[in-house]
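Scroll down for the structure; my scribbles are underneath it.
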Amino acid sequence: MDARLNLFGNPIAAKALKHIVAAGKVLSDAALPATTQELVKLRASQINGCGFCTDMHTKDAAHAGETSVRLNLVAAWREATVFTDAERAALELTEQGTRIADAAGGVTDEVWANAAKHYDEDQLAALVLAIALINTFNRMNVIVQQPAGDYQPGQFG
């Protein structure tokens with residue numbers, strides 16, 4: 001299976017991706033825990049049906065030491081006992097931020113307030129950025145039908 005469009009090979013797409021990837025590099029310096037970032041990226045990718053990003057972020061998280069139990073339970077985080085209250089708040093914000101078209105009003109004040117109990121303003125900014133960026137990547141990959149399964153941790157630097 002091949003993608004409909006080579007996002008890195010097309011000069012216009014590659015130029016735009018360069019800027020999107022650069023925006024994402026800000027997250028590596030953010031105070032938001034890397035574990036939380038990977039859980040957020042994985043959950044949004046599951047919701048959006050992005051096989052490539054689900055593969056990538058599952059493997060990146062495992063490579064960084066995340067347990068298979070937690071990775072396997074991200075899709076059912078509400079019933080799982082393996083996530084902290086802060087991670088649960090981030091996952092709820094991710095779900096509402098990813099599904100904004102499904103509910104009038106987008107992210108509720110209650111969900112935002114819960115996230116704000118666990119994260120300071122800089123961490124919230126990083127969380128919002130992580131959610132927005134992964135949704136961007138998910139949509140690009142789903143549209144072009146980017147194949148999944150061959151990703152290797154660290155493949156993109």
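The model shown is predicted, which means the values in this text are computed figures rather than measured ones. Throughout, numbering of the chain's residues begins at 1 and tracks the sequence.
- Here the side chains of Thr36 and Phe83 are not in contact, with every heavy-atom distance at 4.5 Å or above.
- Note that the OG1 atom of Thr54 and the CG atom of Asn48 stand 8.5 Å from one another [nearest 0.5 Å].
- One hydrophobic cluster holds both Val21 and Leu129 under the rule that ILVMFWY side chains link at heavy-atom gaps under 4.5 Å.
- Taken together through direct or relayed side-chain contacts under 4.5 Å among Ile, Leu, Val, Met, Phe, Trp and Tyr, Leu124 and Leu39 form parts of separate hydrophobic clusters.
- In terms of heavy atoms, Val40 sits closest to Ala130 at CG1-CB, 4.4 Å.
- Of all heavy-atom pairs spanning Val142 and Gly49, the tightest one is CG2-O, 3.8 Å.
- A donor-acceptor contact shorter than 3.5 Å is absent between the side chain of Asn114 and the backbone of Ala89.
- Between Arg78 and Glu92, the closest side-chain pair of non-hydrogen atoms falls below 4.5 Å.
- Side-chain contact between Glu95 and Trp77 is present, with heavy atoms from C-beta onward closer than 4.5 Å.
- In this structure, Arg139 CZ and Ile134 CD1 are separated by 10.5 Å, a value rounded to the nearest 0.5 Å.
- Here the side chain of Lys59 pairs a donor or acceptor atom with the backbone of Gly149 at under 3.5 angstrom.
- A side-chain hydrogen bond (donor to acceptor under 3.5 Å, both in side chains) with His57 is found for exactly one of Glu66, Lys41, Glu38, namely Glu38.
- Contact annotation: the side chain of Tyr151 never approaches that of Thr58 to less than 4.5 Å [non-hydrogen atoms, C-beta and beyond].
- Using cut-offs of 30° and 60° on the angle between ring planes, the pair Phe156 and Phe52 is tilted.
- The CG atom of Asp60 sits 10.5 Å away from atom CD of Gln152, with the distance rounded to the nearest 0.5 Å.
- Side chain of Gln123 to backbone of Ala31: a donor-acceptor contact under 3.5 angstrom is found.
- Using a 4.5 Å cut-off between side-chain heavy atoms of Ile, Leu, Val, Met, Phe, Trp and Tyr, with links allowed through other members, Val26 and Leu127 fall into different hydrophobic clusters.
- Asn141 has its side chain within reach of Leu7: a pair of non-hydrogen atoms, C-beta onward, lies under 4.5 Å apart.
- In the hydrophobic cluster analysis, where Ile, Leu, Val, Met, Phe, Trp and Tyr join through side-chain heavy atoms closer than 4.5 angstrom, Leu133 is grouped apart from Val128.
- No more than 12 heavy-atom neighbours from other residues, nucleotides or ligands sit within 6.0 angstrom of CD on Glu110.
- Here the CG-CD1 distance, from Asn135 to Ile47, works out to 8.0 Å after rounding to the nearest 0.5 Å.
- Using a 4.5 Å cut-off on side-chain heavy atoms (C-beta onward), Met140 and Leu17 make contact.
- When all heavy atoms of Tyr119 and Ala86 are compared, the pair lying nearest together is OH-O, 2.8 Å.
- Taking the side chain as every heavy atom from C-beta outward, Arg70 and Thr35 approach each other to under 4.5 Å.
- Placement of Leu5 and Ile20 within a single hydrophobic cluster is found when ILVMFWY residues are connected by side-chain heavy-atom separations under 4.5 Å, directly or transitively.
- Taking CD of Gln37 as the start and CG of Leu42 as the end, the distance is 13.5 Å to the nearest 0.5 Å.
- Counting non-hydrogen atoms of neighbouring residues, nucleotides and ligands closer than 6.0 angstrom, the CG atom of Asp150 reaches no more than 12 such neighbours.
- To the nearest 0.5 Å, atom CZ of residue Arg88 and atom NE2 of residue His118 are 10.0 Å apart.
- Between Pro147 and Ala3, the shortest heavy-atom contact is CD-N, 3.8 Å.
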